[in-house]
Peer 1: 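After the structure tokens below, expect a handful of questions from me.
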Amino acid sequence: MAVSTVAKKLDAHTVRADFPIFEQEIHGKPLAFLDSAASSQKPRQMMEAMTAFYSTSYANVHRGVYVLAERATAALEGAREKVRVLLNAPDVREIVFVRNATEAINLVAYSWGMNNLGPGDLVVVTELEHHSNFVPWQYVAGKTGAKLAMIPLDDQGELDLSTLDSIAAKGNVKVVATNQVSNSLGTINPVERLATWAHEQGGIFVLDAAQSAPHMTVDVQALGADFVAISGHKMCGPSGVGALWGRGSLLSRMEPFLTGGHMINSVRLDKTTWGDLPHKFEAGTAPMAEAVGFGAAIDYLNAVGFDAIAAHEHELAAYALGRMSEIPGITLYGPPAERRAGIVSFNIDGIHPHDVAQILDMNGVAIRAGHHCCQPLMQKLGVAATNRASFYLYTVQEEIDQLVDGLATVRKVFA
Amino acid sequence: MSEFDQMYREVILDHYKNPHGHGVLDPADAQADGQNPLCGDEVSIYVAFGEDGETIDEVKFSGRGCAISQAATSMLMDMVTGKTATEVAVLDKQELLDEIAIPLTPVRLKCALLGLTTLKVALHKAKGTPLPDGLAGFDELELT
């Protein structure tokens, strides 16, 4: 993660005071929430924005001519503009609201993939993918006769790009789909290089930014991506809203994903014509209040500053790796601290992650135990599951200390 | 006793460290593989019937999982040896839970019952006995 030396320092204790979830104890202990990679906690400011929207401006959007409908429409479209600025997208019509990054990728896999893939074509994913950027492509490849290929990992948990030529020899590379940050190992992937490679092969580049957008600046133009998927809930926004950015020239030629209300231009018995972008891809009533909350979350993150967030998480990851490497019997997965986001996956020799997580919970520490929706990666690592501690802007060093203390208890129980 | 001591009580840890019936039967008269999609735990169950072709003469399990799933399956091996396929098929899961006797959250309940569910699937495949609750009616494909 690029750490700017001029970034203002983030005071996590101050940030934390904005998050009401921390005003409670779990099993009589302070809450150490180390599962932000699964979903982040919520600042008061975001919740207040949603409440204000429901209290003063709620009505269905894009239809009514009355004041409330106009306010609601302005709020939704204002949120869309905030997402555009966040991603540095050229045009706000390229921002499609969806439920989450999974839905965004499905939209691309169906609307683009079903109509552009066939036998002889290749969809290239990585061994690091979350199921959300793996299963849709596997499914659509299966339906269209295209093949799925994987960029493998090296021993450090980083993509082995020396395999690209041999992958390209297997067929016509039509799609390259990868995440920017691995939700499981925290690996920061060389996505600009992969975007260039995808285009050299005549393919499109689809970026799952669900795990990167909460923590670092994602500039769709600088990255050279064709589609970028993000989830609001991982970046201080509410659940139920995410966004897809797509290159306008591609989106405008694509068939709709879901059909029904709102996404039409005109409906006749013999023929329906699709609405303009982005409405063609937004069938049904939009997640309006959620989008407003998403916009407020983006404001919140911008106020703290993405450089400061990235630097803070980098510091925490380095601290955690340092402290945890002293624990006997621990295996730490993934790249060195300077090339990873605030995620530490680990196993304790002979103790199943479920048991580790359960005992940690009794110490007030929330981590994730399981396959992290990355079963191909788990197969590569030769394990069924790992423990994962992940950090965000409100994470404080004391929580990592609580984790390390909890792990000592775990080892005692299984000694 | 704290919640903590209750969950990881001595007998659970004993079964986990020294599981009963751990291994593989090849050939087996009945066999099934089960997975817990929530955590990726896997268990395979192997059954050998006695001369009547009905009574469980020997039962083994292999796979990997957390202490709760491994200990529960280990206890299950003791519980079902000598019972008939029909008896096991209708074995109330509460009987196993009583044996485990620890407080279980809904997620950990799935860990605790993975072995029993898989055993019932094995017996269903070999003997046509009823499937466990929640699986009945589902496509066979899901049972592997």
Peer 1: For chain A, which of B/G65, B/A67, B/S69, B/C66 has the most heavy-atom pairs under 4.5 Å?
Peer 2: B/C66

Peer 1: If you take all heavy atoms of A/A415 and B/K17, which pair is closest and at what distance?
Peer 2: O-NZ, 3.3 Å

Peer 1: Are there over 12 heavy-atom neighbours, none belonging to B/K127, within less than 6.0 Å of that residue's NZ?
Peer 2: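 Above 12, so yes.
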
Peer 1: Around atom CZ of A/R99, are there more than 12 heavy atoms of other residues, nucleotides or ligands at under 6.0 Å?
Peer 2: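 Atom CZ in A/R99 is not packed in, count stays at 12 or less.
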
Peer 1: Taking everything shown except A/D349 itself, do over 12 heavy atoms lie less than 6.0 Å from its CG?
Peer 2: no

Peer 1: Which atom pair, heavy atoms only, marks the closest approach of A/I351 to B/Y16?
Peer 2: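 Closest heavy-atom pair between A/I351 and B/Y16: CA-OH, 4.3 Å.
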
Peer 1: For atom NZ of B/K93, decide whether the heavy atoms of other residues, nucleotides or ligands shown that lie under 6.0 angstrom number more than 12.
Peer 2: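 Atom NZ in B/K93 is not crowded, with 12 or fewer foreign heavy atoms closer than 6.0 Å.
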
Peer 1: Counting only heavy atoms not in B/E51 (residues, nucleotides, ligands), do more than 12 fall under 6.0 Å from its CD?
Peer 2: no

Peer 1: Could you pull out the closest heavy-atom pair between B/D41 and A/H354, with the gap in Å?
Peer 2: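 For B/D41 versus A/H354, the nearest heavy atoms are OD2-ND1, 4.3 Å.
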
Peer 1: What is the distance from atom CZ of B/R64 to atom NE2 of A/H352, rounded to the nearest 0.5 Å?
Peer 2: 8.5 Å

Peer 1: Closest heavy-atom contact between A/Q358 and B/Y8?
Peer 2: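 Smallest heavy-atom distance, with atoms named: CB-OH, 3.5 Å.
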
Peer 1: Return yes when atom OH of A/Y139 has more than 12 non-hydrogen atoms of other residues, nucleotides or ligands closer than 6.0 Å, and no otherwise.
Peer 2: no

Peer 1: Minimum heavy-atom separation for B/R108 to A/D355, with atom names?
Peer 2: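 B/R108 and A/D355 have their closest heavy atoms at NH2-OD1, 3.1 Å.
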
